[in-house]
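Take a look at the structure below.
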Amino acid sequence: MSMDKTYNHKEYEEKIYKLWEKSGAFTPKIDPKKRPFTIVLPPPNASGKMHTGNVLMIATEDLLVRWKRMQGYSALWLPGTDHAGFETQITFERKLKEEEKSRFDFDRQTLYKKIWDFVQENKHLIEDQIRSMGASVDWTRNKFTLDLDILESVVKTFNKMYEDGLVYRADYMVNYCPICGTTFADLEVKHKERKDPLYYIKYGPFVLATVRPETKFGDTAVAVHPNDKRYKGYIGKEIEVDGLLGKFKLKVIADKFVDPKFGTGVVKVTPAHDKNDYEAGKRHTLEVKPVIGLDGRLNEKAGKYVGLTISEAREKVVEDLKKYGLLEKIDENYTHTVAVCYKGGHDIEPTILPNWFIKVESLKKPAHDVVIKGKVKIYPKWQEVKYHRWMESMMDWPISRQVVWGIRIPAWYSFNENPNLQITFLNKDKVTITGRLADLLKNSSLDDIREGLQTLIAPGDAKVVISDKNPGKDYLQETDTFDTWFSSGQWPLVTLGYPESNDFKYFYPTDVLETGWEILRLWVSRMIMFGIYLTGKPPFKDVYLHGIVRALDGRKMSKSLGNVINPEEYQAEFGTDALRMGLISGTANGKDFNFPADKVIAFRNFANKIWNMARFMLIMFDKYKEDVPFYSAELENKLKKEDKDVLKELENTIKKVNTSLEKYRFTDAAESIYHFMWDKLASEYLEETKDREDKEVSLSVLRYVYFNSLKLLHPFMPFITEVIWQELKDLRKYPNQLLITSSWPKIS
RNA sequence: GGAUCCAUAGCUCAGUUGGUUAGAGCGUUCGGUUUACAUCCGAAAGGUCGUAGGUUCGAGUCCUACUGGAUCCACCA
């Protein structure tokens, strides 16, 4: 008898985790006699740190897996980490900056190697945190999104899609961030409200309003609304404009996208740097004239303004417009929303670039159907609407990213056929050189270029070979990498060793995909598309979407607001079990919720409560052990009313927990165990046993009910329940048994 | 502009198909050294369920409008 008065989680958690892992409980066998139950862990960022969302995710999935494992399933929870393209590269570049370096100081393979090392150094941090959370994941099957076998599999899928005619390359108006040097998907662009000056500038016979005077060098038309009487006479005509670079002529077009009420009802059209204008340009076959380069600076078409950044150019252009009397007025109180990239919050510069695309038309229909037909169920049900709306409106998917840290697209350009490749590379003297490939080859060898290659931009009509290997010695590989979601979209397949492995055959399709609702479209929809495309089967049966854990003030956690909650502090102070249970019961139906600090405390208290129940049992059994039989049917005729009551209530609790978990109503399950154990078992029944003469009956019932309660509670609070299970070894029929692999309580 | 969700005790939230005195945790007040636990025990206070209508024998729960808040999508030259 050596239990302290209070439960000290720090003393036990690590030990217990090792006990579980060593026992092999985390590693399910392929057993034809058992039914498989599979969850693939949504891989956290390999170089990141645990945040509250991860904790909720792990708590929820561990709960499901432990429950199924105890029910006798061959339960696999497959862990892994994500290379997290952008995020990691940005983190790494911040590190480089501290060393007064930047990504431009390295060729792409050196940079890749450096990031690889950086991630490998940090990967164990997140993995250790997953361990400390008590996650019963199978570490023997641990994966990383850039593991060789994963990489091969992802590339193979791309090849197959290419052969199936689902891949194409096209010029596209992309959301380009000049600071990050890469494009962002529409979903990754955020809209921010901001006040910017609105300039009214003279434009030939017109005055028009714009916030972006610096793009005027790329204007190829002026547009008005077709019904706008003020300008009817001009439609279809050419006007002459006095510009900062001299006189030029522009066509006046009529298009409904113009809002006659905005400004003066006249709009300059810049197809190369505005989405609307680009679309309008296509309708009216306007010239597309880019004036801003990928470095975010004005190019030679901007004449004397060449080389200025966007903001510098805006300032200078406005100044000059004033000087030449071309600026009519400035509205300083104009508020509009601007597109910014979701990583750094930098302004997005819409830009035309050739990009790799996936045709989604044939993929999205079946992926939509499986949800409509209920082959894939989304919980909570009300989130399903978001899925339908997305599947209805999904457009072709741009999958290329201009970052190094990712899976390189297996496309190859031969130098013979593509002399116009735009190349940037570091030569042997570490000098950055940019130019047409054919020109560069006059001074450098192809090998030097390949060695020092940083980026390659192939024209839209480039001749390309898709191959997982270098097709010949005069080829250069595409420098773009896959969108992270392209590879993680195949995660349930590739982690299980698709298509041939025994694991794949046994564990696929998986059972539950559990994740936050914010990546329903980015990730879940893509997994369903890939799953059906490659195997004919959706990759999971149920999707459970948890809410977002917000800060204590009800707002989203963000570094800039300074309201981020570090889960580790709660974990250290109140214990992992309390933190997990607090989060699990913080929300009932997948809605967003504020971090439930008071519930964490409540469950710490609860942990202590059941701890002390165990102490009480030790004391009692120390006294009466020999006289107390294990509970069985033979005792039934000796039972008193309170015995029958507590047994009945245990049954009800088991039922309640089962049905709640089947419906993913975790809070309901948690609350019913909590109230049963505290209010019924501890406050009522246990008190009654103190006065009972027939200790052999009451203690037998108490032990039976208590142990079954521990089992029910185990998936929610795994550490303390297992600790008690071990502490009470001598009170159990099978002292060597672990709670984690014990059997789930049955209803008689 | 399109859409979704939310509004219940001081705080954070439950309340699943409309059905008896609306619940929990935390907090508050009062009282407890009963040998498992003060991270405990006992008791109490506290809600016209955002506002206004409607459907119904009956509405926190369904419908309409409004007010306030959150979020998503699209877009703003």
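Letters A, B, ... are given to chains in the order of the sequence lines, protein chains preceding strands, and every chain is numbered from 1. Worth knowing before you read on, the calculation uses all heavy atoms, side chains too, and leaves out hydrogens, waters and symmetry mates.
- As rounded to whole Å, 20 Å separates atom C1' of rG25(B) from atom CZ of F666(A).
- The nearest heavy atom of RNA chain B to A682(A) and to K663(A) marks one nucleotide each, and the one closer to the 5' end goes with K663(A).
- Classified by interplanar angle (parallel below 30°, tilted 30° to 60°, perpendicular above 60°), the ring pair F666(A)/Y664(A) is perpendicular.
- Contact annotation for I548(A): no contact, since no heavy-atom pair falls under 4.0 Å across all strands.
- Classification of the F574(A)-Y570(A) ring pair by plane angle, with boundaries at 30° and 60°, yields tilted.
- rC13(B) atom C1' lies 14 Å from atom CG of D592(A), rounded to whole Å.
- Counting non-hydrogen atoms under 4.0 angstrom, Y7(A) reaches nothing in the nucleic acid.
- Below 30°, between 30° and 60°, or above 60°: for F248(A) and Y203(A) the angle between ring planes is above 60°, a perpendicular geometry.
- Classification of the H368(A)-H388(A) ring pair by plane angle, with boundaries at 30° and 60°, yields tilted.
- Along RNA chain B, the nucleotide nearest L198(A) and the nucleotide nearest F595(A) are compared for position; the residue whose nucleotide lies closer to the 5' end is F595(A).
- rC41(B) atom C1' lies 14 Å from atom CG of N608(A), rounded to whole Å.
- Note: CD (Q383(A)) to P (rA3(B)) measures 19 Å, nearest angstrom.
- In this structure, V338(A) and D196(A) have side chains that are in contact, with non-hydrogen atoms separated by less than 4.5 Å.
- Rounding to whole angstrom units, NZ of residue K386(A) and C1' of rC72(B) are separated by 6 Å.
- Only the C1' atoms considered, rU71(B) is 25 Å distant from rC63(B), to the nearest whole Å.
- The base-pairing partner of rU51(B), taking Watson-Crick or G-U wobble contacts with both distances under 3.5 Å, is rA65(B).
- Among the nucleotides rG25(B), rA36(B), rC75(B), the one closest to any side-chain atom of H675(A) is rG25(B).
- Proximity note for E687(A) (side chain, C-beta onward) versus rA24(B), rA36(B), rU12(B): the nearest is rA36(B).
- Rounded to whole Å, the C1' atom of rA7(B) lies 15 Å from the corresponding atom of rA14(B).
- Considering only heavy atoms from C-beta on, L702(A) stays 4.5 Å or farther from M620(A) through its side chain.
- Nucleotides rG58(B) and rA45(B) are separated by 31 Å at their P atoms, to the nearest Å.
- Residue-level contact check: E573(A) touches neither bases nor backbone, having no heavy atom under 4.0 Å from any strand.
- Checking rU16(B), rC5(B), rC72(B) against every side-chain atom of K591(A), the shortest atom distance belongs to rC5(B).
- For the P atoms, the distance linking rU51(B) with rA9(B) amounts to 11 Å, nearest Å.
- Using a 4.0 Å heavy-atom distance criterion, V269(A) is classed as making no nucleic acid contact.
- At a cut-off of 3.5 angstrom, the base of rC37(B) holds no donor-acceptor pair with the side chain of K5(A).
- For the pair V723(A) and Y7(A), the minimum side-chain heavy-atom distance is below 4.5 Å.
- Taking the six-membered ring for Trp and thresholds of 30 and 60 degrees, F206(A) and Y231(A) have ring planes more than 60 degrees apart, a perpendicular arrangement.
- Rounding to whole angstrom units, OH of residue Y387(A) and C1' of rC73(B) are separated by 17 Å.
- Look at NZ on K381(A): it is 18 Å from P on rU16(B), rounded to the nearest Å.
- With distances taken from any side-chain atom of R665(A) to the nucleotides rA36(B), rC40(B), rA14(B), the minimum falls on rA14(B).
- Pair check for rG19(B) finds rC57(B); Watson-Crick or G-U wobble, both atom distances under 3.5 Å.
- In this structure rC40(B) sits in a base pair with rG32(B), meeting the Watson-Crick or G-U test at under 3.5 Å.
- Figure legend. rC26(B) is base-paired to rG10(B); pairs are counted as Watson-Crick or G-U wobble with both atom distances under 3.5 Å.
- On the C1' atoms, rG15(B) is 9 Å away from rU8(B), given to the nearest whole Å.
- Nearest to the side chain of L686(A), among rC72(B), rA24(B), rA36(B), sits rA36(B).
- Looking at heavy-atom distances under 4.0 Å, A607(A) makes no contact with the nucleic acid at all.
- Closest to the D598(A) side chain, of the nucleotides rC72(B), rA36(B), rG25(B), is rG25(B).
- For W678(A), counting side-chain heavy atoms from C-beta on, the closest listed nucleotide (rC75(B), rC37(B), rC40(B)) is rC40(B).
- Nearest to the side-chain atoms of N276(A) among the listed nucleotides rC75(B), rC26(B), rU12(B) stands rC75(B).
- The D668(A) side chain lies nearest to rU16(B) when the options are rU16(B), rU39(B), rU4(B).
- If you check rC72(B), rC5(B), rA36(B) against the side chain of W517(A), the one that comes closest is rC72(B).
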